[in-house]
Structures are given as structure tokens and as C-alpha cells.
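If you read the sequence from its start, that first residue is 1, and numbering goes on from there.
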Amino acid sequence: MSSKESTEIAEPETEATADAETPGAEPADASKDKDTGNRAGIAVAAAVLLACGSLVGYGILNTEEKPKPRAVPTAEVTYEVTGEGTVEISYLARSESGSATVVKDAALPWKKTVRVPLGKDPTLAIVLGEEGGQAACTLAVHGAHVQRATASGTYGRATCSAPLPRP
């Protein structure tokens, strides 16, 4: 190499210099706008995913037991049917709705002790069959006799009931 010759080191060509030299190419600022738009979209997507993940995590980690419904106070009621033959018996048992339980063709004597919600009056109804006969129903609350009724004849009916205090 002679002293007159100089060595030039070529600078590597970058996108910005290449775009500036290429006719019809977008200016360098346009690619920055695209990057900014993409970054904003990614940031929004990340925020949405983070919010969804937080909700799912809260649902999984929220293991508090839900409060149990308050127990309805009840009274012990004993229903009894005596007589001969078979009868259909309807009585109120532990049910907040106060629905009745029906026993068809119950053989006598029959006895059942149940819990009845306070405020729901215990009721025992009997219906004799086609053959008739005679049967009596009795009702006791907390072991104390409250009422007695008698049914006789074909399809004879009797009902025993008593008021319970309101809760």
C-alpha cells in the first residue's frame, strides 16, 4: 500500500439509511409509528389478560365458606292413630315449606314423632277406607297431649291440629 492510498472503512448500511436512500420508501418516522401502535396493542392485551387472570385467581383463592342458612326452630310433635283396619294418614313433618306427608293404607296402630317448624301448625288427618270402621287420632307437642279426634263409618274423617308458637 502506498502512502497516497487511503483506506476507507465503509459504514454498515442500516435500515434508516437504506430507507432514506430508497426512492418511494416510507420515512424512518413511519416505522416508529407502527412500532408504537403495536406496543400500545400489546399493552392493552396484557392489561386485559392480567385483569382476567386476577378474577380467576380471586375465584379460586376465595375459599371462604358461605354462611349456612339459619336453622328454623322446631317443636317435637307426636302423631298417633289407633283403631282397627287401614287408613290414609296425612301429617306435617319437618319442612320449611310446610308440605304434608301422606301414608296410604297405614296399618293401625300407627305412631310417628317428627320435628315441626315453629309457626307451622302441626296437623294430622285420617281418612277411613271403603270398609269403614273406627279410628282416633291424637296429637302431642313436647310430650303433652293436645288434641284427640275420632273418625267412624265409610270414608270417615278426623283431623287433629294445634297451634305452635311463632318463632
Side-chain angles (χ1 to χ4, degrees), residues 26 29-167:
E26 293 180 16
D29 292 342
S31 66
K32 287 182 183 176
D33 288 343
K34 285 182 184 177
D35 287 344
T36 303
N38 288 341
R39 287 182 186 160
I42 291 171
V44 169
V48 168
L49 286 173
L50 182 62
C52 290
S54 297
L55 290 174
V56 169
Y58 177 75
I60 292 171
L61 296 176
N62 184 13
T63 57
E64 287 183 30
E65 288 187 28
K66 299 198 177 6
K68 294 179 182 176
R70 288 182 50 195
V72 177
T74 60
E76 183 179 273
V77 176
T78 302
Y79 300 119
E80 187 172 4
V81 180
T82 57
E84 295 177 7
T86 59
V87 297
E88 180 177 293
I89 301 170
S90 301
Y91 65 94
L92 180 65
R94 180 172 170 75
S95 166
E96 291 181 25
S97 66
S99 59
T101 302
V102 177
V103 180
K104 295 188 180 247
D105 298 325
L108 299 181
W110 178 91
K111 185 175 185 177
K112 182 89 171 175
T113 300
V114 297
R115 307 285 309 173
V116 176
L118 294 181
K120 304 285 183 188
D121 296 342
T123 304
L124 172 64
I126 58 173
V127 179
L128 297 171
E130 186 176 343
E131 292 93 34
Q134 187 168 357
C137 64
T138 57
L139 181 81
V141 178
H142 294 299
H145 177 76
V146 178
Q147 188 175 30
R148 178 181 171 92
T150 304
S152 60
T154 303
Y155 301 110
R157 298 173 182 264
T159 302
C160 292
S161 65
L164 288 180
R166 304 289 175 224

Taking the side chain as everything from C-beta on, heavy atoms only, tell me whether Thr113 gets closer than 4.5 Å to Glu76. yes

Going from OG1 on Thr123 to CD on Gln147, what distance comes out if it is rounded to the nearest 0.5 angstrom? 9.0 Å

Scanning both residues in full, the closest heavy-atom pair of Leu139 with Ala162 reads CD2-CB, 3.4 Å

Please check if the side chain of Asp105 supplies one atom and the backbone of Val87 the other of a donor-acceptor pair under 3.5 Å. no

Spacing of Leu124 atom CG and Thr101 atom OG1 [to the nearest 0.5 Å]: 11.5 Å

Would the distance check show the side chain of Gln134 and the main-chain N or O of Ser152 forming a donor-acceptor pair, the cut-off being under 3.5 Å? no

Out of curiosity, Leu92 CG to Leu164 CG, how far, rounded to the nearest 0.5 Å? 8.5 Å

Go through the steps to decide whether Tyr155 and Glu130 satisfy the test side chain to side chain contact (heavy atoms under 4.5 Å, CB included), and finish with yes or no. CA-CA 6 Å; Tyr155 301 110; Glu130 186 176 343; 3.5 Å; yes

Does Glu84 have more than 12 heavy atoms from other residues, nucleotides or ligands lying within 6.0 Å of its CD? no

Nearest heavy-atom contact between Pro165 and Leu118 is O-CB, 3.3 Å

List the atom of His142, the atom of Ala75, and the distance in Å for their closest heavy-atom pair. NE2-CB, 3.6 Å

Mark yes or no for whether Tyr79, through its side chain, and Ser90, through its backbone, hold a donor-acceptor pair below 3.5 Å. no

